[in-house]
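Below is one structure, written out as structure tokens; comments come after it.
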2 protein chains.
Amino acid sequence: MNLSNGAARALTKGAIVVAGIKDVAREAGVSVSTVSYVISGKRSISAKTTDRVMAAVEKLGYIPDANARKMRGMRSQVIALSAPIRGDINQAKYNAYFLHTAWAARNAGYDVLLLTGQDAVNDICRVTEGNLVDGVVLLDVEENDERAAASGRLPKPCVAIGYPSIHKRCACIDIDFAAAGKKAVDYLFDKGHRKIVFLRNNESDYERESGYVVIFRRSMLSQAKVRGVEVIESPRYEADCFDAKRFVRDTFAGVDCPTAIINQANASVLNLVLQELAVAGLSIPEDVSVLSCGTYLEGELMSRPVTEMPVMPEKLCSRAMRLLISAIEENAEIMDVVDLEAPVLKERGSIADIGRGDQMSSL
Amino acid sequence: MNLSNGAARALTKGAIVVAGIKDVAREAGVSVSTVSYVISGKRSISAKTTDRVMAAVEKLGYIPDANARKMRGMRSQVIALSAPIRGDINQAKYNAYFLHTAWAARNAGYDVLLLTGQDAVNDICRVTEGNLVDGVVLLDVEENDERAAASGRLPKPCVAIGYPSIHKRCACIDIDFAAAGKKAVDYLFDKGHRKIVFLRNNESDYERESGYVVIFRRSMLSQAKVRGVEVIESPRYEADCFDAKRFVRDTFAGVDCPTAIINQANASVLNLVLQELAVAGLSIPEDVSVLSCGTYLEGELMSRPVTEMPVMPEKLCSRAMRLLISAIEENAEIMDVVDLEAPVLKERGSIADIGRGDQMSSL
DNA sequence: TTGTAGGCGTTATCAT
DNA sequence: ATGATAACGCCTACAA
């Protein structure tokens with residue numbers, strides 16, 4: 001008999017009583033190990049004992065202490081999600097990734113710890129080395145991402161949603177934006193377009209070399225050169241400062257104006273442009289074709305459907321999570337995995353074939 | 001001398017070595033308690049010893065195990081953020097709250113654990129009783145919120161951003177939407193408006209009695225009755241299915257059409273309406289006045305500025321966090337706190353005074 | 001089938 | 001000023 005705490009061991013936290021495994025054991029009239037085994041199911045226990053124990057668990061509302069459990073080398077069942085807030089806090093694009101990551105994690109029995117601090121590398125080290133989390137997902141990965149570069153030192157597996165140039169021991173999941181840039185040009189080329197305007201993303205994303213934004217643009221421009229397609233770039237703008245009226249006026253005023261728009265801006269900006277095109281009397285796709293890339297317009301309220309090469313957060317998140325879980329639970333070696341998904345083009349009738357259909361392009 | 005593990009105690013996790021406090025102690029040639037005190041600073045240690053210990057900490061990259069720490073009754077420095085995903089996963093409105101909560105938490109030295117599972121009450125119990133978190137923030141609170149109703153049983157403090165009818169032992173932080181509904185009507189009344197169209201939020205929010213949406217509408221309608229203001233309600237619609245063209249046509253076709261819009265829909269819907277108003281040749285505020293409520297348009301890309309009574313997530317989140325932290329760190333009794341902020345009206349020139357200025361209303 | 005006991009890494013309470 | 005050691009709550013090898 002344990003003298004020091006054989007008596008009522010129920011702890012009071014504030015006004016609320018939290019039962020421990022010993023309380024359950026006493027209530028059920030068995031030993032603590034029996035309770036533990038009933039719960040973990042790692043040993044066969046007689047039905048009668050099991051019932052008594054479960055009844056006690058129910059009665060006391062027993063929930064094992066997550067920390068004591070982890071001290072025994074068990075997993076914490078928590079995934080860290082790194083999404084550093086850089087500059088303005090209005091990062092609407094994160095949202096889908098947050099939710100889908102959390103969703104995928106929960107389905108695998110994990111919770112998500114949100115790391116949004118500026119000092120991301122530090123935070124990640126802290127929670128992995130402190131055994132707070134079992135693995136890490138990197139969001140909003142830049143071309144030269146210091147988190148990905150530091151992932152080599154982490155004691156837990158790590159997956160990036162994105163494709164940084166340095167990715168020591170950190171798996172990468174993304175859409176193949178290089179292929180996407182090429183495909184966008186080829187697709188429009190095949191439909192006869194020879195002069196295209198590129199509607200840029202807001203400038204801050206280029207400045208910090210946000211991975212996909214840069215890769216797509218670079219590849220698109222290079223393929224345009226290959227095909228002999230002329231590309232005009234929209235003027236640069238800061239987030240929430242885009243002048244759609246001016247853009248439309250300047251771009252589509254002259255006689256030899258572009259026949260298509262490749263959009264890399266977000267849904268709001270694109271919506272404003274569509275609106276201004278309508279005001280200017282230009283109809284889609286008769287007067288102007290529109291191809292949106294790196295967006296996901298299906299969930300957005302657009303003033304008209306737009307053909308796009310979407311990035312689907314749900315898919316990326318669930319694949320990233322599957323990979324991470326396999327590393328956590330089956331010790332799978334994922335460090336060298338680079339999984340770039342081929343881009344998909346969703347036709348929604350915003351692109352016209354302007355009929356120089358004599359050429360063919362190979363994908 | 002401890003025989004069982006006095007030797008090299010550095011644990012290997014995967015290929016990475018994690019040092020424990022014993023390793024640091026051995027490296028520095030001191031006892032574990034000395035290391036602990038150097039780190040916590042709870043006892044004065046000679047400068048020489050301190051230096052040796054810190055050097056060892058640096059060298060080994062020692063980071064205390066968060067779990068062992070918590071076993072000793074320390075805080076986990078983690079806040080749970082409950083934002084159950086109901087129905088579709090495209091809950092863009094959550095985003096600002098996620099980021100601002102995380103931001104406020106980090107400033108106070110806490111991380112955020114995201115709980116988005118369907119079974120919110122269960123998740124909250126699990127993480128609070130399991131000592132995974134020090135406190136809970138409730139998001140997207142409904143009129144009859146089961147989480148708020150269950151908060152009485154939680155062993156950790158809890159703050160709701162919202163104002164549910166039942167809130168046992170759970171503090172509430174929100175904007176006073178009842179006052180906001182009243183103020184919206186009074187403001188337009190004072191400017192001479194006597195017939196108003198209410199642009200509803202999407203239907204799912206009313207169905208599940210999302211707190212603020214319901215409270216605002218109810219109070220607005222009741223005050224309209226008091227003032228003798230006629231209110232037409234926009235047709236119901238599901239998320240992402242709003243027909244703006246039709247709404248504008250049906251509402252502003254006749255001779256005796258409304259002179260003002262009170263908007264409760266999100267920025268996308270409102271943008272579509274503004275667009276259609278322009279197409280219909282109606283200008284703001286000359287032909288139609290617009291007052292948006294429960295939105296936060298400042299961060300959005302609107303086709304024109306709109307006067308609004310904004311809900312500012314940053315403010316709510318930081319107040320909620322302050323309150324929660326005071327409960328956690330100073331054992332403040334916050335259970336009975338209900339903190340409803342007076343609504344603010346941001347003029348942005350979308351409302352006309354149509355000049356029956358003979359009446360005055362008291363706020 | 002069930003009970004006993006040791007240990008996970010840390011902090012706090014002793015003693016030195 | 002520093003060291004040894006007993007908890008914290010749980011899991012599991014070993015004993016019965």
Side-chain angles (χ1 to χ4, degrees), chain A residues 1-6 9-13 17-26 28-53 57 60 62-77 129-132 155, chain B residues 1-6 9-13 17-26 28-53 57 60 62-77 129-132 155:
Chain A
M1 190 91 234
N2 189 331
L3 295 172
S4 63
N5 47 19
R9 267 221 60 342
L11 275 177
T12 34
K13 298 269 185 176
V17 176
V18 174
I21 197 171
K22 291 178 193 168
D23 301 295
V24 177
R26 193 157 16 80
V30 298
S31 78
V32 286
S33 63
T34 303
V35 175
S36 177
Y37 282 119
V38 166
I39 288 168
S40 71
K42 292 198 178 176
R43 182 152 102 173
S44 65
I45 302 280
S46 73
K48 203 166 61 181
T49 310
T50 302
D51 288 347
R52 278 225 310 284
V53 169
V57 166
L60 301 180
Y62 168 67
I63 293 185
D65 183 295
N67 307 298
R69 169 162 257 187
K70 278 182 278 183
M71 286 219 34
R72 296 282 321 163
M74 317 253 54
R75 283 181 218 112
S76 64
Q77 302 294 116
E129 301 200 24
N131 271 313
L132 220 61
Chain B
M1 186 93 237
N2 189 329
L3 294 171
S4 64
N5 47 20
R9 267 222 62 341
L11 273 178
T12 35
K13 298 268 182 175
V17 175
V18 174
I21 198 172
K22 290 179 193 166
D23 301 294
V24 177
R26 195 158 13 82
V30 298
S31 78
V32 286
S33 58
T34 303
V35 175
S36 177
Y37 282 116
V38 167
I39 287 168
S40 71
K42 294 195 179 176
R43 179 152 104 175
S44 66
I45 302 281
S46 73
K48 203 167 61 180
T49 309
T50 301
D51 288 347
R52 277 225 310 284
V53 169
V57 166
L60 301 180
Y62 167 69
I63 293 185
D65 183 296
N67 307 299
R69 202 163 228 190
K70 281 181 277 182
M71 283 217 38
R72 299 285 321 164
M74 317 254 45
R75 280 179 219 115
S76 63
Q77 302 294 117
E129 300 200 25
N131 270 314
L132 220 61

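Letters A, B, ... mirror the listed sequences (proteins, then strands); counts begin at 1. Just the heavy atoms: all of them, side chains too, but no hydrogens, waters or symmetry mates, feed the values below.
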Taking for B/Ala68 and for B/Ser44 the nucleotide of DNA chain D with the nearest heavy atom, the one nearer the 5' end belongs to B/Ser44

By nearest heavy atom, map B/Ile45 and B/Met71 onto DNA chain D; which one lands nearer the 5' end?
B/Ile45

Given D/dC10, C/dT10, D/dT2, the nucleotide with the shortest approach to the side chain of B/Thr49:
D/dT2

Figure out the [atom1]/[atom2] separation between [X] and [N], and round it to whole Å.
X       : N      : atom1 : atom2 : result
A/Arg69 : D/dC10 : CZ    : P     : 9 Å
B/Lys70 : C/dA12 : NZ    : P     : 16 Å
B/Met74 : D/dG9  : CE    : C1'   : 16 Å
A/Ile63 : D/dC10 : CD1   : C1'   : 15 Å
B/Asp23 : C/dC8  : CG    : P     : 12 Å
B/Lys22 : C/dT10 : NZ    : P     : 9 Å
B/Leu60 : C/dG9  : CG    : P     : 14 Å
A/Asp65 : D/dG9  : CG    : C1'   : 6 Å

Would you call A/Lys48 and A/Asp51 a salt bridge, using N to O less than 4.0 angstrom?
no

Would you say A/Leu132 and B/Lys70 make side-chain contact, with heavy atoms under 4.5 Å?
yes

Report the distance from atom CG of A/Leu60 to atom CZ of A/Arg26, rounding to the nearest 0.5 Å.
8.5 Å

Distance check, rounded to the nearest 0.5 Å: B/Arg69 atom CZ versus B/Ile39 atom CD1?
7.5 Å

Backbone N or O of B/Ser36 within a donor-acceptor pair of the B/Ser40 side chain at under 3.5 Å?
yes

Bend angle of the helix from C/dT1-D/dA16 to C/dT16-D/dA1, end axes from five pairs each (to 10°):
50°

Scanning both residues in full, the closest heavy-atom pair of B/Gly29 with B/Arg52 reads O-NH2, 3.9 Å

Of all heavy-atom pairs between B/Met71 and A/Ala68, which one has the smallest distance, and what is that distance?
SD-CA, 3.4 Å

Check against side chain to side chain donor-acceptor pair (under 3.5 Å), A/Asp65 and B/Asn131:
CA-CA 6 Å; A/Asp65 183 295; B/Asn131 270 314; 3.0 Å; yes

Look at B/Thr34 and D/dG3 and indicate whether a side-chain polar atom (N or O) is within less than 4.0 Å of OP1 or OP2.
yes

Would you say a side-chain N or O of A/Lys42 is under 4.0 Å from OP1 or OP2 of D/dT12?
yes

Pairs under 3.5 Å (N/O, protein and nucleotides 13-16 of chain C):
unit_1 : atom_1 : unit_2  : atom_2 : d
C/dT13 : O4     : B/Tyr37 : OH     : 3.4
C/dC14 : N4     : B/Arg43 : NH1    : 3.4

Could you work out, with side-chain contact (heavy atoms from CB on, under 4.5 Å) as the rule, every residue matching A/Thr49, not counting sequence neighbours?
A/Val30, A/Thr34, A/Ile45, A/Ser46, A/Val53

State whether the distance check finds a donor on one side and an acceptor on the other, under 3.5 Å, for side chain B/Arg72 versus base C/dA12.
no

